[in-house]
Amino acid sequence: MKAVAFFGKKDIRTIDVNIPKVKEDGVLIKMKACGICGSDMHVYNSDMLTEDSTKLIDDYRIIGHEFTGEIVEVGKNTAGFKTGDRVTSVHNKGGMAEYIEIPGDRLKNLFKIPGNTSLETAATLEPFCNPMHSFHMREPGDNETVAIFGAGIIGLGYLQIVKAYTKARTIITDISELRLQKAKMIGADLVINAKEEDPVKKIKQLTGDTYVRYQKKTAGGCDISIDCAGIPLTLLQCFEVLKIENGTLIIASIFEDEIKIDPNMIVFKYMSILGSMGYYDSETEEAFGLITGGKVNRDILITNRFSLNEAAEAFAVQGKSGESVKVLIVD
Ligand SMILES: [Zn+2]
């Protein structure tokens with residue numbers, strides 16, 4: 001079967017491997033759609049997270065974990081699933097391949113897709129669980145202001161959840177006009193193109209600009225800032241736009257570089273900093289409920305589709321924020 005393997009930095013190839021054998025208690029899925037995750041991009045760009053993000057098949061590192069498909073075979077002791085079930089997966093790896101084998105102890109990470117939801121739409125579930133977790137770590141109130149740095153699939157997903165659940169004022173910044181257009185469609189109160197204007201200055205103009213004792217930098221007026229970009233500049237901007245006291249910074253991204261920060265800013269602003277990675281099972285169910293219930297429109301975030309044979313090009317396009325939000329491999 002065709003599968004997408006990681007060979008080294010910026011080296012993704014579509015290769016031929018054996019179709020895995022279904023286990024006694026497992027299932028075999030025919031893949032229909034598989035998203036390229038931000039973590040897959042870290043593998044691709046810098047060879048970090050490689051073991052965590054790939055599955056060994058015939059000694060090749062097969063990438064992809066945001067997949068959906070149809071069950072084509074079950075083992076003789078498999079419970080809960082049958083041939084023909086349409087499913088979406090979280091936590092399981094090896095998704096960019098024609099077939100994916102899931103053993104019995106991992107079936108709990110498969111969710112049946114209801115008839116009203118397409119296989120492509122359902123493939124956006126996994127990267128919707130992460131922002132659901134971020135949201136619940138510190139839920140914004142209706143009168144609060146939230147600043148989102150980075151309008152990729154995570155930042156936009158977080159925006160969708162904040163809009164679905166609260167009346168909080170939302171500000172989002174990015175350098176991609178395409179991604180900011182999506183933020184407008186979702187209903188962001190303010191979008192800032194950081195290529196055209198300084199987001200910190202703009203946010204302070206809107207939310208407040210207050211002296212912080214012993215500090216050279218003033219404070220903005222945001223109750224929550226969330227980094228969904230994973231670059232040192234945006235993280236520093238997140239620190240700065242938070243209000244003078246008791247703001248919450250959520251870090252929801254992975255960084256390829258180390259960063260120098262001034263801890264005094266955290267101290268004198270009594271800041272809380274939360275790291276958000278992963279999600280609980282209950283949050284997966286909640287996120288899937290919002291998708292299948294039509295409470296959020298995930299389809300607008302799917303911007304590009306490529307076949308398994310075109311995987312190298314798909315990764316290149318996913319790396320261009322001006323051209324893509326979520327790239328899917330479809331088969
Ligand atoms: Zn993912």
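Just so you know, ligand 1 is whichever comes first in the structure, and atom 1 is the first atom listed for that ligand.
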Of all N, O or S atoms in E66, identify the one at the shortest distance from the Zn ion (ligand 1).
OE2
How far apart are the C-alpha atoms of Y44 and F6, what are their side-chain angles, what is the distance that settles it, and do they pass the ring-ring contact (aromatic ring centres under 6.0 Å, His included) test?
CA-CA 7 Å; Y44 176 72; F6 172 75; 7.8 Å; no
Contact check: D40 to the Zn ion (ligand 1), N/O/S below 2.8 Å
no
Donor-acceptor pair, R169 side chain versus A147 backbone, under 3.5 Å?
no
Are the aromatic rings of H91 and Y279 close, with centres under 6.0 Å apart?
yes
Can you give me the SG-the Zn ion (ligand 1)-OE1 angle for C37 and E126, to 10°?
160°
Main-chain N/O of S176 paired to S321 side chain as donor or acceptor, under 3.5 Å
no
